[in-house]
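In what follows, a structure is listed as structure tokens, so that the remarks can point back to it.
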Protein chains: 2
Amino acid sequence: MSTTSVESVLQTLREHGLRMTPQRRAIVAEIMSTSGHISPSDVARRVRERVPGVNPSTVYRTLDLLEELGVLSHAHLESGAEYHHSSEAGHVHLVCSKCGGDESLSVAEGERLKDLISRRSGFHPDLTHFAISGLCAKCRRTAQAGRAS
Amino acid sequence: MSTTSVESVLQTLREHGLRMTPQRRAIVAEIMSTSGHISPSDVARRVRERVPGVNPSTVYRTLDLLEELGVLSHAHLESGAEYHHSSEAGHVHLVCSKCGGDESLSVAEGERLKDLISRRSGFHPDLTHFAISGLCAKCRRTAQAGRAS
DNA sequence: GTCGTTGCAAAGCGTTTGCAACTAT
DNA sequence: ATAGTTGCAAACGCTTTGCAACGAC
């Protein structure tokens, strides 16, 4: 499936008069094989491990480009911007401030929340752009137990 | 009221065996006079304009300290971390991705949302820690008009 | 051959650190 | 006098930039 994605990206690039290079192939492959999200600097690091010589600046330029083309999206987590393939866009990130765990609200739940907010405030939120920080169920239980004792 | 705040901060510092210095006074004053939020580097810049010689590192250390003491909080907006006095914590930031406008969900609405999410997902969100990106009512209307034409 | 793409090297930016000097208490 | 605090200067990590060489088409 990673191959399929690379092919479709190649397609997209061609439609825009852009080119597929080994570097881009490596970068796309890296992100497509990542479930969840990954920071630009991590992409740079990992791509570099596999294909020595890929320059960080190329990674940054490629990420920007792929996002403009709609292949990738980024969201803001605690550690900063993180990229993921657009097929994973739509997920609302729930990041636990205690254990660092990263859950996802279902797309349906996300939509419901979105509608609710927009109906009440007139503001149309994109709940996927920023993560939502908080306590996961597990850490919350621990915290309560601590309080009780 | 700015004075009151500075006094109460002084109080807090004393309780912890810490000291009130001219630099801290300037930093606290700057933040207390800011309605809304301000980035660390902006605090550094502004404080510097008023009290030349205040080193950026002092600003960063002070912000960290004041946050640990509960005097300040920070939230993540598009531009990164932003500080505000704790009395303004509780606000859910709604940031328009088009015009950059920054609205607030009422505290009551925020609470309702929070309860709703936690009831459904088991995750207890702090909706104030990250902003919520989206389109404000105004920009959304513009966008729709554009689409219709 | 054209023109998009890359690597390089440098600079930019915000932020952090160690340490000696300073100062609020 | 004692510790907390500051400025300095350097280092840091991530990201961006200009430009000449390169290479996909």
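Naming: A, B, ... by sequence-line order, numbering from 1 per chain. Not measured: the values here are computed from a predicted model. Computation of the quantities below employed the complete heavy-atom set of this structure, encompassing side-chain atoms and omitting hydrogens, waters and symmetry-equivalent molecules.
The side chain of B:P40 lies closest to C:dT15, out of D:dC14, C:dT15, C:dT25. Which of C:dG14, C:dT2, C:dT25 sits closest to the side chain of A:R19 comes down to C:dT2. The side chain of B:Q23 has D:dT6 as its nearest neighbour among C:dC8, D:dT6, C:dC3. Closest to the side chain of B:R61, from the set C:dG7, D:dC8, C:dT2, is D:dC8. Here C:dT15 is the nucleotide among C:dT15, C:dG7, D:dA3 with the atom lying nearest to any side-chain atom of B:Y60.
The CD-C1' distance, from B:E68 to D:dG4, rounds to 14 Å in whole Å. As rounded to whole Å, 15 Å separates atom C1' of D:dT5 from atom CG of B:L63. Computed from coordinates, the B:L13 CG to D:dT5 C1' distance equals 12 Å when rounded to whole Å. Atom OH in A:Y83 sits about 13 Å away from atom C1' in D:dC14, given to the nearest Å. In this structure, CG of A:L66 is placed 13 Å from C1' of C:dT5, rounded to the nearest angstrom. Between A:M20 atom CE and C:dT6 atom C1' the separation is 15 Å, expressed in whole Å. In this structure, CG of A:D42 is placed 14 Å from P of D:dG13, rounded to the nearest angstrom. Counting to the nearest Å, the C1' atom of D:dT16 and the CG atom of A:N55 are 12 Å from each other.
Contact annotation for A:R24: backbone-only contact, meaning every heavy-atom pair under 4.0 Å involves sugar-phosphate atoms and none involves a base. Looking at heavy-atom distances under 4.0 Å, A:S39 makes no contact with the nucleic acid at all. As judged by a 4.0 angstrom heavy-atom cut-off over every strand, B:R25 is placed among residues making no nucleic acid contact. Using a 4.0 Å heavy-atom cutoff across all strands shown, A:P56 reaches no nucleic acid atom at all. Within the 4.0 angstrom heavy-atom criterion, no nucleotide atom of any strand lies near B:G80.
Counting only residues at least two apart or on different chains, the ring pair (Phe, Tyr, Trp, His ring centres under 6.0 Å) pairs with a member in residues 28-78 of chain B are B:H37-B:H93, B:H74-B:H76, B:H74-B:Y83, B:H74-B:H129, B:H76-B:H129, B:H76-B:F130.
Distances shorter than 4.0 Å separate none of the side-chain N or O atoms of B:S57 from OP1 or OP2 on C:dT16. Residue B:T21 places none of its side-chain N or O atoms closer than 4.0 Å to OP1 or OP2 of C:dT23.
Nearest-nucleotide assignment on DNA chain D puts the 5′-proximal partner with B:L65, out of B:L65 and A:S41. For B:L18 and B:A81, each mapped to the nucleotide of DNA chain C holding its nearest heavy atom, the one lying further toward the 5' end belongs to B:A81. Mapped onto DNA chain C by nearest heavy atom, B:L10 and A:G53 fall at different nucleotides, with A:G53 at the one closer to the 5' end.
Side-chain contact of A:T21 with A:R25: a donor-acceptor pair under 3.5 Å is absent, judged by distance alone.
Between B:R45 and B:D42, at least one side-chain nitrogen of the basic residue sits less than 4.0 Å from a carboxylate oxygen of the acidic one, meeting the salt-bridge criterion.
For B:S86, the side chain to side chain contact (heavy atoms under 4.5 Å, CB included) partners are B:S73, not counting sequence neighbours.
We find the CD1-NE2 distance between B:I31 and B:H84 to be 10.0 Å, quoted to the nearest 0.5 Å.
Between A:V28 and A:L72, the closest side-chain pair of non-hydrogen atoms is not below 4.5 Å.
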